[in-house]
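Note on naming: letters A, B, ... go to the chains in the order of the sequence lines (proteins, then strands), and numbering restarts at 1 for each one. None of the values given here were measured: they were computed from a predicted structure.
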Number of protein chains: 2
Amino acid sequence: MSDDDDLVFKALADPTRRALLDRLFVRDGQTLTELESELAMTRFGVMKHLRLLEDAGLVVTRRQGREKLHFLNPVPIRSIHDRWIDKYTEHHTATLLDLKAELERDDPKEKP
Amino acid sequence: MSDDDDLVFKALADPTRRALLDRLFVRDGQTLTELESELAMTRFGVMKHLRLLEDAGLVVTRRQGREKLHFLNPVPIRSIHDRWIDKYTEHHTATLLDLKAELERDDPKEKP
DNA sequence: AGAATAGGTGACCAGATGGTCACATGTCAA
DNA sequence: TTGACATGTGACCATCTGGTCACCTATTCT
């Protein structure tokens, strides 16, 4: 069944952790204290979340003196995609999303 | 922050629900009872999981008499991919995965 | 009509999860 | 070497989650 991805899905299930990935997607290599300052949560909470992201392989780290730098790793995300997106229908799915994005751009916040 | 995807990530966080998606990926349009028969869990548990998958848009359904048919919807999966995979590095990431797959094919279960 | 089949609801409970704190270790700079 | 800074650990608690059951509705078959 290939579910060693369990850590990845569990890690992605929390909005705070997804926000952390978003921050790293914008600017890679941030420290714990930098990330904490944007997140309305104590340092300990952020640390726990980063730990889970690291265990899942979604974030890789490098020590630099007393600092620990965090980097986003996109590989596990790509694996999720490949699990349920058939090569032959991939183009069709991407096209649907493009259409959705275009509709939302044309009619912003429309309430039917 | 675009986190109306919360239901999607929560739905994917459970191994039983991922297994259900796997089953539908193999054969689409199954009923609740068919899916239950493969899953070592009572009908009620499976029903709860399918409900969450449906709320998240990962599964779409169609009623046919007293049966309810379940179909896999790949669109939300593609959205996850697009959130953190940069268009410009996408090819690089896919290449890394291909390499990983090839290595695991050549050296099955090697313990370094 | 009556029985069998497919699906649905609400309550309930054990166990997992998110967040905080007191306290501890390692690192840099004056 | 003393103090400030960056990160780490273990315990603790309120809340969420996964799974089951008693009971109910709707559809099909004989």
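Within the 3.5 Å criterion, the main-chain N or O of A:V8 finds no donor-acceptor partner in the side chain of A:D5.
Under the 4.5 Å side-chain criterion, counting only non-hydrogen atoms from C-beta, B:L20 is in contact with B:L39.
In terms of the salt bridge (Lys or Arg N to Asp or Glu O under 4.0 Å) criterion, residue partners of B:E38 (sequence neighbours excluded) are, by chain and number, B:R23.
Atom CG of B:L50 and atom C1' of D:dG18 are 14 Å apart (whole Å). One interatomic measurement links the two molecules: CG of B:L20 to C1' of D:dG19, which rounds to 14 Å at whole-angstrom precision. When rounded to the nearest whole Å, the span between CZ of B:R17 and P of D:dT17 equals 9 Å. Note: CZ (B:F9) to P (C:dG18) measures 15 Å, nearest angstrom. Rounded to an integer number of Å, the gap from CZ of B:R62 to P of C:dA6 is 17 Å. One atom, NE2 of A:H70, and another, C1' of D:dG8, lie 12 Å apart when rounded to the nearest Å. One interatomic measurement links the two molecules: CG of B:L32 to C1' of C:dT5, which rounds to 12 Å at whole-angstrom precision. What separates CE of B:M47 from C1' of D:dA26 is a distance of 14 Å, to the nearest Å.
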- prompt: With the sugar-phosphate defined as primed atoms, P, OP1 and OP2, and the base as all remaining atoms, what B/S/- string results for nucleotides 19-30 of chain C, 5' to 3', for protein heavy atoms under 4.0 Å?
  reply: BBBB----BS--

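Rounded to 10 degrees, the angle separating the terminal helix axes of the helix from C:dA1-D:dT30 to C:dA30-D:dT1, each built from five base pairs, is 30°.
Contact record, B:L69 with B:Q64: CD1-OE1, 3.9 Å, taken as the closest heavy-atom pair.
Of the candidates C:dG7, D:dG18, C:dT9, C:dT9 carries the atom nearest the B:R51 side chain, counting heavy atoms from C-beta on.
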